[in-house]
**Student:** 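Here's a structure for you.
Positions are given from 1 along the sequence. Numbering of ligands and ligand atoms starts at 1, following listing order. This structure is a prediction, so every number in the text was calculated from the model and none was measured.
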Amino acid sequence: MNAYLHIPFCASICSYCDFTSFAGRESQMAAYVDALCLEIKDSSLEGPLPTIYFGGGTPSLLAPAQLGQILETLQKKAGFAQGIEISMEANPETVESQRLRADRAVGVNRLSFGAQAVQREILRKLGRGHEWERVEKAFQEAREAGFDNINLDLMFGLPGQSLGMFQESIEKAADLNPDHFSLYALQVEEGTPLAAQAAQGLALPPDDLTADEYAWAQGFLARQGFQQYEVSNFARDGKACRHNWNIWRGEDYWGFGVSAVGTVGRVRHGHGDDLMEYIRRVNAGEGALVMESLTEDTRAWEKLMLGLRTQDGVEKAEADRFIRAVGSPQWARFNRLLKEGFLSLTGGRYRVTSKGYFVLNGILEVLAV
Ligand code: SF4
């Protein structure tokens, strides 16, 4: 069983963000960490844990001692598998040498930096609190602190971003020699400041420019020795994120903390997104979870869809059996995607092609039951 912990604190809120994150709530961090530990103790989490992932929010706003407190609780509760991967998302402006050494000392062994872009004007528009030089510094200091598994997040399809600017961002990021890249196309989510700006006329890049950026990045990163193993993720040999990979393969995981979700067997659990209510419920022993039972078919279909996100794809025999059982319209849609080159069939497995990756969400929607 894998473990995900949601750390919902941020120094400020980015213009495009629709994650559960709160700015200016530092005074609640200690109570939140205590609640997380209590939730872990009261859960039926089983180990030994192969992976732990601190996501957010900005987990690097927690003190290393707080991360250590959570990790110790997880270890006592479930134990750690040998070679456990412990990932932490970090914003570059929140870390420096000594702190990174402390993170390493409490057990964190994989970092994911939210770098996003090189150009100052783009970072400002996104509401990010760093400049590129800070990414370079944080990256070097992380290497010196002993991190040999570092991801950089970059974004494309950004307002004001040309193809050349995106290329500059990836090239400069590649110069740092990271182990992994995550590339995300900007999504304008309802209710965000960015959506309001777009409604007032902020120009967003056309889809064909975004498609060109993605296609260029796929080629560039392949030439640099990165393997694309999922729609947004590229890794050097042996450096794919094991946590996400396990989940895409359909393994069980627990989600702890406000807004976190998880799936254990055929039960999906989730939390509300009210921070204070989460802390209150855990402390009152009321249980923070909302449970939902999934049917066998839903779970099987989810596994199929998750498999299609990855380069492993899904086994043909298993997919065929399931698609036939769902019904002939689904079968016809699946075959059309194959014929049109969005899916391929090689080595007895269906996979989404490079062309298909750019429209993966559309493909998954077409196949949804
Ligand atoms: S740092 Fe991440 S989680 Fe925090 S506001 Fe920005 S996008 Fe949202």
Side-chain angles (χ1 to χ4, degrees), residues 4-29 32-33 36 53-63 66-67 87-96 99-100 103 108 110-135 137-139 142 150-161 169 173 180-198 202 204 232-233 241 243-244 255-261 270-275 278:
Y4 172 85
L5 300 112
H6 192 73
I7 310 299
F9 304 101
C10 285
S12 57
I13 303 298
C14 303
S15 65
Y16 58 93
C17 180
D18 83 330
F19 300 115
T20 301
S21 57
F22 307 97
R25 305 282 281 268
E26 291 76 5
S27 60
Q28 282 139 13
M29 279 183 196
Y32 184 73
V33 170
L36 268 182
Y53 194 100
F54 289 98
T58 308
S60 55
L61 283 182
L62 291 188
Q66 291 173 314
L67 295 168
S87 296
M88 177 177 78
E89 292 177 355
N91 282 354
E93 70 277 19
T94 60
V95 296
E96 39 65 43
R99 189 249 137 85
L100 288 162
D103 291 331
V108 178
R110 181 176 183 276
L111 285 178
S112 177
F113 282 122
Q116 317 312 0
V118 160
Q119 300 80 15
R120 190 169 299 181
E121 64 275 24
I122 299 268
L123 291 169
R124 287 241 170 86
K125 260 188 216 153
L126 295 176
R128 301 295 304 198
H130 66 271
E131 292 180 351
W132 178 253
E133 294 67 30
R134 200 70 188 80
V135 177
K137 186 166 180 290
F139 188 93
I150 306 180
N151 168 59
L152 294 177
D153 276 356
L154 291 177
M155 296 179 77
F156 60 104
L158 300 172
Q161 183 187 48
S169 291
H180 190 286
F181 275 103
S182 296
L183 304 183
Y184 299 107
L186 177 74
Q187 305 290 330
V188 180
E189 304 288 355
E190 219 176 291
T192 59
L194 186 71
Q197 290 165 19
L202 175 74
L204 296 166
S232 304
N233 288 289
C241 174
H243 179 83
N244 289 336
F256 294 104
V258 66
S259 82
V261 294
H271 301 75
D273 57 8
D274 183 325
L275 178 64
Y278 168 77

**Student:** Any heavy atom of Gly57 sitting closer than 4.0 Å to ligand 1?
**Tutor:** yes

**Student:** Run the numbers for me: atoms of ligand 1, each under 4.0 Å from some heavy atom of Tyr16, listed by number.
**Tutor:**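 Here the atoms of ligand 1 in question are 7 (S).
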
**Student:** Would you say Ile7 and Leu67 make side-chain contact, with heavy atoms under 4.5 Å?
**Tutor:** no

**Student:** If we only count heavy atoms from C-beta on, is the Cys241 to Tyr53 side-chain gap below 4.5 Å?
**Tutor:** yes

**Student:** Run the numbers for me: atoms of ligand 1, each under 4.0 Å from some heavy atom of Ser12, listed by number.
**Tutor:**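 Once the distances to Ser12 are compared, the set is 5 (S).
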
**Student:** Are any N, O or S atoms from Cys14 nearer to atom 4 (Fe) of ligand 1 than 2.8 Å?
**Tutor:**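 For Cys14, the answer is no, given that no N, O or S atom comes within less than 2.8 Å of atom 4 (Fe) of ligand 1.
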
**Student:** Answer yes or no for Cys17: is there an N/O/S atom below the 2.8 Å cut-off from atom 8 (Fe) of ligand 1?
**Tutor:**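 Given the 2.8 Å cut-off, Cys17 counts as a ligand of atom 8 (Fe) of ligand 1.
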
**Student:** Can you measure from CZ (Phe19) to CD (Glu89) and round to the nearest 0.5 angstrom?
**Tutor:** 7.5 Å

**Student:** Classify the ring geometry of Phe9 against Tyr32: parallel below 30°, tilted from 30° to 60°, perpendicular beyond 60°.
**Tutor:** perpendicular

**Student:** Give, for atom CG of Asn91 and atom CG of Leu61, the distance between the pair rounded to the nearest 0.5 Å.
**Tutor:** 7.0 Å

**Student:** Suppose I only count heavy atoms of Asn91 and a 4.0 Å limit; which atoms of ligand 1 are within that range?
**Tutor:** 1 (S)

**Student:** Any heavy atom of Arg128 closer to ligand 1 than 4.0 angstrom?
**Tutor:**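 It does; at least one heavy atom falls under 4.0 Å.
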
**Student:** In plain terms, say whether Glu93 and Lys137 are close enough for a salt bridge, that is, a side-chain N and a carboxylate O under 4.0 Å apart.
**Tutor:** no

**Student:** Atoms of ligand 1 less than 4.0 Å from Cys10 heavy atoms?
**Tutor:**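 Near Cys10, meaning under 4.0 Å from one of its heavy atoms, ligand 1 has 1 (S), 3 (S), 4 (Fe), 5 (S).
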
